[in-house]
Amino acid sequence: MSTNTLSKKAETRLIDFFNNTIDRKDMAKVLRQVNYILALGVIKEEGATDLEDNFYWLNELAEVLNPYLDKE
């Protein structure tokens, strides 16, 4: 798993983008849908090679935008 951190400039730009440009719930929904479709495509074509990290980080981004996996 990668532990790269963003620069302050990149972090500020991402915050501005997500706060002012798009609806968080809509973006989280789209990310989850795309993540699922990409995962299925990769598994069908090439197997699960290096898929786990990419799937994990896209889901983490979706959770930051609209957390629902932690709800009971």
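This chain uses plain numbering: 1 for the first residue, then up along the sequence.
Taking CZ of Arg13 as the start and NZ of Lys8 as the end, the distance is 16.0 Å to the nearest 0.5 Å. In this structure, Leu31 CG and Glu60 CD are separated by 12.0 Å, a value rounded to the nearest 0.5 Å. Within the model, atoms CD1 of Ile37 and CZ of Arg32 stand 14.0 Å from one another, a figure rounded to the nearest 0.5 Å.
Applying the side-chain contact (heavy atoms from CB on, under 4.5 Å) test to Asp23 and every residue at least two apart in sequence or in another chain returns Lys25, Asp26. For Ile15, the side-chain contact (heavy atoms from CB on, under 4.5 Å) partners at least two apart in sequence or on another chain are Glu11, Asn19.
With hydrophobic clusters built from ILVMFWY side chains whose heavy atoms lie under 4.5 angstrom apart, Leu38 shares a cluster with Val30. Leu14 and Met27 fall within a single hydrophobic cluster, where Ile, Leu, Val, Met, Phe, Trp and Tyr are joined by side-chain heavy atoms under 4.5 Å apart, directly or via other members.
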